[in-house]
Amino acid sequence: MKKITFLTALLCMAAFSVKAQTTALSIASLTAGPAEMNIAVQQTPLPQGRFVAPFKAPIAQQPQGKSYELSGNFTGGLYSGGQVSVGSYSRVSKVVEGDDGCIYIYNLPTLLGAQTWVKAEPVGGDIIEIRRQVVYEAYGTEYVLVPMRWQYTDEATGAGEFVEIEDGAIQLYYKDGVLRSVAEDPFRTGVVIGSVMGSEANGYSFTGRAEWNLNYAPITDVKATLPEGLETEEMVMRSISSSDMSTIFAPINVAITDDAVYLNVYEDAYVKGTIDGDKVTFMRGQYLGANFYYGYAMYFEPGYIEEKLDENGEVVGLQALPCDKIVLDYDREERSLKSDSIWVVNAGQINGAFYGLSVTWAPYIKPFKEVAAVPCDPVITAYNNTMEQYGYNSLQFNITTADVDDNYILPEKMAWRAFIDGELFIFSPEDYAGLEGDMEEIPYGFMNSSYDIYTSFFTLPFYPEESVGLQVIYRGCGETNYSNIVTIDVNTLEITTEPYLPTGIEKAESQSQVTAVVCHDMAGRLVSPNAKGLKLMTLKRADGTQKTVKMIR
């Protein structure tokens, strides 16, 4: 079967009731922001998804030596048609004073993408030089840092071009983590950092981007961390998705003392809130660390949601506005925290609008207590009938880690199974690469080696005649509970829900996982579980029991 690249599944599709349920929350996203605000990401020619070509960099690991984390800004130029569009940008970087006497700079220039190191050599005083060097190679193409100079072709109109300086060098000032351009305006008076791409065999071409006026210094903000020796507890946080208003769940590490609460909101960073009676207040601007992939210093920034109205006073959307703090209701006995406001893991401190890596809206945090839960029904989002074009059909769906009472359930105790034309479908190694045996249940989060089975997707190597169905299973507190079966008609694309009542045998057997599925035709010959026609299917379970049933497809 031909394979494809998959997108990450939505965590949950359970609707959350709000007044403007169909309107979007307006907040700029760091992962999908405008190119001028996300230059490193937009210009990074790194392979994404399943088909990944080798990424080669001359300096693949951080060199040994004294290191600094830097924050600063630079001027960037985009060349087109003899003119340069100029903008000013903020970024984070690293610098290492190498044990070999050289200086190594991370993410410089940003136009060549994240995860790259550039080597510089001291030449006297506090001046370092960067000469032409390959920064990385992908898909057989080299991406090369080069020293360039702006050369006018028509001074009257300001038209010109960037010209590579043969055997030239880019000079920068460097001392104790401070890194900046030597010339006040290198674009007009000196050398800029440019880049070319290509190969020795095919030649190189200018990427059209250059940088100058670099000005970086060590980050002095102190990262929000957990006090040494303080123990944390993993709780569950329910919130609202800012994209589709659905309810989402996520684990979160929390530490509570007599007068403070610490929340693990980003990577290993913990923001501190002060307890005052039944309220906990978290102030804005707590530093969360540097994100070197996106090139920003990240901060904890609270906010609130406000309706956007048109000229007639009608609600047309929701907008997130910043504020100084977020106050959560605190139930000391339940040890829970709750708010209707938001916090944002923000790129930089607030300067106008949010520019967020993640948004937490209406958080409700409390300890997790497992119950014998009935899982929510799956949501079928699409059926792709593409057999003739790609050699397979596929079902797309969402499975939420929640029960029917809107409580969190443990993903590691969830599974799902499929029904084709009303019959239980068996995923076999013959059709799905990487399986060690036949599978009638797919654990939540499971993905086979060829990406044909995923938490939100699976392919079918044949045409179903009538329908494809899906069901979620949850095994917790000694019980096994099933969702309803949600089915899509492959001809009309109508989606229906069928109530499901486990049989007595199924209830008794459900605690024992299926370890093997063996199928024979009526002549006793081994056949695939998905083979057409009448066959005998034997389910072998971990407790040694087995059951044989007749099955027709």
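As a basis for the values below, the full set of heavy atoms in this structure was taken, side chains included, without hydrogen atoms, waters or symmetry mates.
- The environment of K94 atom NZ is dense: over 12 non-hydrogen atoms of other residues, nucleotides or ligands sit within 6.0 angstrom.
- The side-chain heavy atoms of I103 and E97, taken from C-beta on, include a pair separated by under 4.5 Å.
- Using bins of under 30°, 30° to 60° and over 60° for the plane-to-plane angle, the ring pair F427/F458 lands in the perpendicular bin.
- Under the 3.5 Å distance criterion, the side-chain polar atoms of D276 are left unmatched by any main-chain donor or acceptor of T281.
- We find the OG-CZ distance between S93 and F74 to be 10.5 Å, quoted to the nearest 0.5 Å.
- Taken to the nearest 0.5 Å, the CH2 atom of W361 stands 4.0 Å off from the CE atom of M245.
- Ring pair F425/Y432 is perpendicular by interplanar angle, where above 60° counts as perpendicular and below 30° as parallel.
- Within the 4.5 Å cutoff, the side chain of T360 has no heavy atoms near those of the V265 side chain.
- The distance from atom CE of M237 to atom CG of N264, rounded to the nearest 0.5 Å, is 10.0 Å.
- From I488, atom CD1 reaches atom CG of L470 across 11.0 Å, with rounding to the nearest 0.5 Å.
- Using cut-offs of 30° and 60° on the angle between ring planes, the pair Y296 and Y355 is perpendicular.
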TODO: Just do the side chain to side chain donor-acceptor pair (under 3.5 Å) check on S336 and D331 with the steps written out, would you?
DONE: CA-CA 5 Å; S336 66; D331 187 319; 4.7 Å; no
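- Here T400 contributes atom OG1 and D406 contributes atom CG; the two are 8.0 Å apart, rounded to the nearest 0.5 Å.
- Of the listed residues (E441, E370, E412), just one forms a salt bridge (Lys or Arg N to Asp or Glu O under 4.0 Å) with R475, and that residue is E441.
- Using cut-offs of 30° and 60° on the angle between ring planes, the pair F300 and W343 is tilted.
- Within 6.0 Å of the CD atom in E334, the count of heavy atoms belonging to other residues, nucleotides or ligands exceeds 12.
- Rounding to the nearest 0.5 Å places CD1 of I275 at 7.5 Å from CG of D258.
- When atom types are taken as modelled, the side chain of D405 and the backbone of N407 share no donor-acceptor pair closer than 3.5 angstrom.
- Panel note: side chain Q471, backbone S483; a donor-acceptor pair is recorded below 3.5 Å.
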